[in-house]
Undergrad: 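Provided herewith is a single structure, encoded as structure tokens, for subsequent inquiry.
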Protein chains: 2
Amino acid sequence: MTTIGDVAKAAGVSRSTVSYALSGNRPISRETRERIDAAISELGFTVNAGARALATSQTMVLGLLLQFHEDEFPPAMLQYILAVSDAARELGYDILMVTDGDGPGAIRRITSSNMVDGVVLLDVTHDDPRLEALRQARQPGALVGLPRDTEGLDVFDLDFGEAARLIVDHLYGLGHHDIVLVSPPRHVFERGGAYAWRFRDAALERAARYGIRIHAHYGESQQPGIERSLNAILDTRTDATALIVHNDASIAALPGVLRERGTVVPRDLSVVSLYSRDFGRTFLLPYTAVETSPDGLGRKAVQHLVRRIAEPAYGPPVVGFIEPELTDRGSTA
Amino acid sequence: MTTIGDVAKAAGVSRSTVSYALSGNRPISRETRERIDAAISELGFTVNAGARALATSQTMVLGLLLQFHEDEFPPAMLQYILAVSDAARELGYDILMVTDGDGPGAIRRITSSNMVDGVVLLDVTHDDPRLEALRQARQPGALVGLPRDTEGLDVFDLDFGEAARLIVDHLYGLGHHDIVLVSPPRHVFERGGAYAWRFRDAALERAARYGIRIHAHYGESQQPGIERSLNAILDTRTDATALIVHNDASIAALPGVLRERGTVVPRDLSVVSLYSRDFGRTFLLPYTAVETSPDGLGRKAVQHLVRRIAEPAYGPPVVGFIEPELTDRGSTA
DNA sequence: CTGAAAGCGCTTACAG
DNA sequence: CTGAAAGCGCTTACAG
């Protein structure tokens with residue numbers, strides 16, 4: 001492999017001069033710079049990332065921790081991954097993606113060995129066991145998903161409470177007062193998927209305030225059972241005039257279920273959900289919905305993390321909520 | 001940060017002894033080893049990955065290159081990513097995931113800077129521009145997807161020709177002689193998605209041999225248009241008794257389309273497709289299908305790559321086809 | 001504007 | 001069974 005020493009020799013300068021030419025950290029005369037550039041392109045030189053990392057204590061790599069819950073609908077995850085990866089690259093960082101079953105162990109491994117400059121956690125739960133490991137790391141961390149205790153970490157999430165209020169207000173404004181809510185599966189609540197109850201509780205509270213009724217049910221997220229569960233819920237609540245679906249797998253299955261039931265939206269039933277534009281596009285979902293912004297969340301997490309890496313004390317930890325926006329696709333009346 | 005020197009000092013030995021104790025590359029007396037272990041756990045020492053990489057020229061990281069084609073159905077991709085990531089971890093490797101738009105540039109960047117010991121390419125096309133960059137790298141590469149020229153690279157793919165023959169044989173054996181094939185979109189053929197024509201051409205050839213008819217159509221892969229395109233194809237071919245769908249987006253949409261048309265499978269139409277067990281599970285697909293084995297392909301690619309890293313000349317490049325297997329789900333008659 | 005030297009934290013022949 | 005030293009390929013004060 002060709003090193004900075006080879007370049008220095010070819011250009012007739014010292015290694016430090018080549019290094020400074022590379023980094024731009026001190027002025028270099030025009031002719032010296034030209035000789036160095038010529039040598040670099042002639043020899044096809046690239047800085048060795050490991051050596052640079054050792055010398056600078058910066059790897060220019062971010063850790064990205066994923067965990068796959070059985071109770072989650074896989075297609076939604078990819079959008080977060082891409083958003084994080086793209087945002088990182090734009091800021092000059094690469095992504096070390098870890099899908100380890102043992103999240104805390106994986107965090108300790110990549111942080112204590114200094115493989116990364118910072119860590120992004122996806123799919124954070126209420127009492128996420130990875131947070132402790134992340135707090136003990138010397139690298140900063142950014143979360144997508146709101147845990148119980150946000151201390152010492154930058155956190156980004158959709159404001160699910162506000163999303164619920166937005167949706168309930170929308171339906172109430174249209175005159176609905178008997179509404180069915182399909183939540184994530186019971187198991188998501190039990191394992192601490194806080195987005196599930198943040199949404200549900202806010203919706204119920206808002207409904208109580210208006211004196212209207214919301215019937216909350218657990219939906220399914222795994223086949224077989226999604227369609228069956230939706231049908232069972234709809235069978236139970238024939239008097240409801242509106243349906244809120246906060247469940248990726250269920251909303252993806254809803255068009256088929258409603259078609260089969262002969263239910264026409266919004267004539268027979270108003271439908272509102274939460275999903276990203278891309279998700280809706282993939283599954284051809286025609287419903288009015290709150291945009292979940294995986295792209296915005298992923299980007300924000302990365303941007304703050306990089307800022308925090310550059311400037312460890314740039315301020316107290318941030319808890320950033322994305323303001324929900326309702327995209328009206330005409331599925332309510 | 002605590003270094004190997006701190007451990008050596010605490011244990012009262014030299015740094016080299018600590019290093020050998022860590023690697024096991026030479027015998028250490030029991031009591032020395034115990035003192036070292038005690039010091040390590042007391043100080044919470046972890047080897048610095050960058051420094052080790054610099055000294056050994058091994059990063060223990062594999063590059064994983066993804067590219068997102070507009071004409072692809074996103075949900076299928078995640079399975080490959082997970083398979084590669086899990087297989088790598090089992091062999092002691094981490095994954096540097098690169099989603100750069102500029103594939104060849106990304107390969108040059110991560111290989112020439114020695115960030116990775118090897119590279120896995122997903123979603124390889126017939127004339128994939130990334131291959132040239134990969135061949136010029138000093139690290140070995142493994143591909144998922146068969147390109148025109150496999151020289152110097154380990155390649156793994158489903159045997160799409162054999163899959164086509166398997167499916168045609170199956171349908172021919174059941175007495176079908178008028179069959180519709182929904183292929184990937186035209187655009188996939190044009191940009192060199194070889195799996196598309198490998199499957200189609202083999203199916204047509206086999207049909208010709210049996211003297212039966214296969215009508216090949218391009219399907220869509222993006223909304224809106226998937227359902228419409230399926231309906232248009234089915235409207236054109238009302239005399240066909242069997243449908244082969246080689247198109248992820250179309251097969252995911254098929255149940256809804258057939259329900260709407262009132263077509264009962266297999267009474268009115270036999271259906272065969274290609275998809276993975278997980279994909280079928282996510283979309284509740286009840287069709288007899290060739291298993292596409294993203295897990296098996298991902299694992300194989302990683303295993304061979306790691307083998308090749310350890311032993312650069314362990315043999316000539318491998319082109320490994322996964323034998324297709326038909327999972328009978330009763331959707332043909 | 002440039003160079004010589006120390007140092008980042010490891011590994012591994014070389015010696016004993 | 002163990003240690004002293006060189007080396008991996010960089011960066012960056014220190015000096016001039």
Side-chain angles (χ1 to χ4, degrees), chain A residues 1-37 39-40 43-61 92 109-117 138-139, chain B residues 1-37 39-40 43-61 92 109-117 138-139:
Chain A
M1 63 162 315
T2 117
T3 74
I4 207 171
D6 301 326
V7 174
K9 197 172 301 174
V13 297
S14 72
R15 298 190 305 155
S16 56
T17 299
V18 176
S19 177
Y20 283 116
L22 248 26
S23 67
N25 280 343
R26 83 179 179 191
I28 308 281
S29 73
R30 228 194 76 172
E31 44 181 346
T32 301
R33 154 153 279 135
E34 279 167 2
R35 285 214 311 282
I36 291 176
D37 288 347
I40 286 177
L43 298 174
F45 167 76
T46 311
V47 174
N48 180 298
R52 172 174 280 178
L54 185 57
T56 62
S57 300
Q58 285 218 101
T59 63
M60 299 308 284
V61 174
R109 188 169 59 77
I110 67 173
T111 56
S112 64
S113 65
N114 268 300
M115 298 184 81
V116 297
D117 294 338
R138 66 192 137 252
Q139 297 92 335
Chain B
M1 59 162 317
T2 118
T3 74
I4 208 172
D6 302 325
V7 174
K9 197 171 299 170
V13 297
S14 73
R15 298 189 306 155
S16 56
T17 300
V18 175
S19 177
Y20 283 116
L22 249 26
S23 66
N25 280 344
R26 81 178 179 192
I28 308 280
S29 74
R30 229 195 76 170
E31 45 182 346
T32 302
R33 154 152 278 135
E34 279 167 3
R35 287 213 311 282
I36 291 175
D37 287 347
I40 285 176
L43 298 173
F45 167 76
T46 311
V47 173
N48 180 297
R52 173 173 280 179
L54 185 57
T56 62
S57 299
Q58 284 219 101
T59 63
M60 299 309 284
V61 174
R109 188 169 58 77
I110 67 174
T111 57
S112 65
S113 65
N114 267 300
M115 299 183 80
V116 297
D117 294 337
R138 67 191 137 252
Q139 296 92 335

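Quick caveat, the model's predicted, so the values are computed rather than measured. Order of the sequence lines sets the chain letters (A, B, ...), proteins ahead of strands, with each chain counted from 1.
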Undergrad: Think A:T56 has a side-chain N or O under 4.0 angstrom from the OP1 or OP2 of C:dC8?
TA: no
Undergrad: To the nearest angstrom, how far is B:L54 atom CG from D:dC10 atom P?
TA: 9 Å
Undergrad: Heavy atoms, side chains only, cut-off 4.5 Å: are A:S23 and A:R52 in contact?
TA: no
Undergrad: Of the candidate nucleotides D:dT2, D:dG9, C:dT11, which contains the atom at the shortest distance from the side chain of B:R26?
TA: D:dT2
Undergrad: On the nucleotide C:dT12, are OP1 or OP2 found under 4.0 Å from the side-chain N or O atoms that B:N25 carries?
TA: yes
Undergrad: To the nearest 0.5 Å, tell me how far A:R33 CZ sits from A:T17 OG1.
TA: 11.0 Å
Undergrad: How do A:S19 and B:A55 order along DNA chain D: which one's closest nucleotide is nearer the 5' end?
TA: B:A55
Undergrad: Please state how far atom OH in B:Y20 lies from atom P in C:dA15, giving the value in whole angstrom units.
TA: 13 Å
Undergrad: Which is more 5' along DNA chain D, the nucleotide nearest A:V18 or the one nearest B:V13? Just name the residue.
TA: B:V13
Undergrad: To the nearest Å, give me how far apart CD (A:Q58) and C1' (C:dG9) are.
TA: 17 Å
Undergrad: May I ask you to evaluate whether A:S14 reaches the phosphate of C:dA4, defined as a side-chain N or O under 4.0 Å from OP1 or OP2?
TA: no
Undergrad: Starting at CD of B:E31 and ending at P of D:dC1, how long is that distance when rounded to a whole Å?
TA: 11 Å
Undergrad: Is A:N25 reaching over with its side chain to a backbone N or O of A:Y20, donor-acceptor style, under 3.5 angstrom?
TA: no
Undergrad: Can you tell me the distance, in whole Å, between the CG atom of A:D6 and the P atom of D:dC10?
TA: 9 Å
Undergrad: Using atom CZ of B:R15 as one end and atom P of D:dC8 as the other, report the distance to the nearest whole Å.
TA: 16 Å
Undergrad: Round to a whole Å and report the spacing from CG of B:L22 to P of C:dT11.
TA: 6 Å
Undergrad: Any donor-acceptor pair under 3.5 Å between the side chain of A:S16 and the base of C:dA5?
TA: no
Undergrad: B:R52 has a side chain; which of C:dC10, D:dC1, D:dT2 sits nearest to it?
TA: C:dC10
Undergrad: Determine which nucleotide pairs with D:dC14, using a 3.5 Å limit on both distances of a Watson-Crick or G-U wobble pair.
TA: C:dG3
Undergrad: Short question: side chain of A:R35, backbone of A:A11 - any donor-acceptor pair under 3.5 Å?
TA: yes
Undergrad: Whole angstroms only, please: what is the CZ-C1' distance between B:R35 and D:dC1?
TA: 12 Å
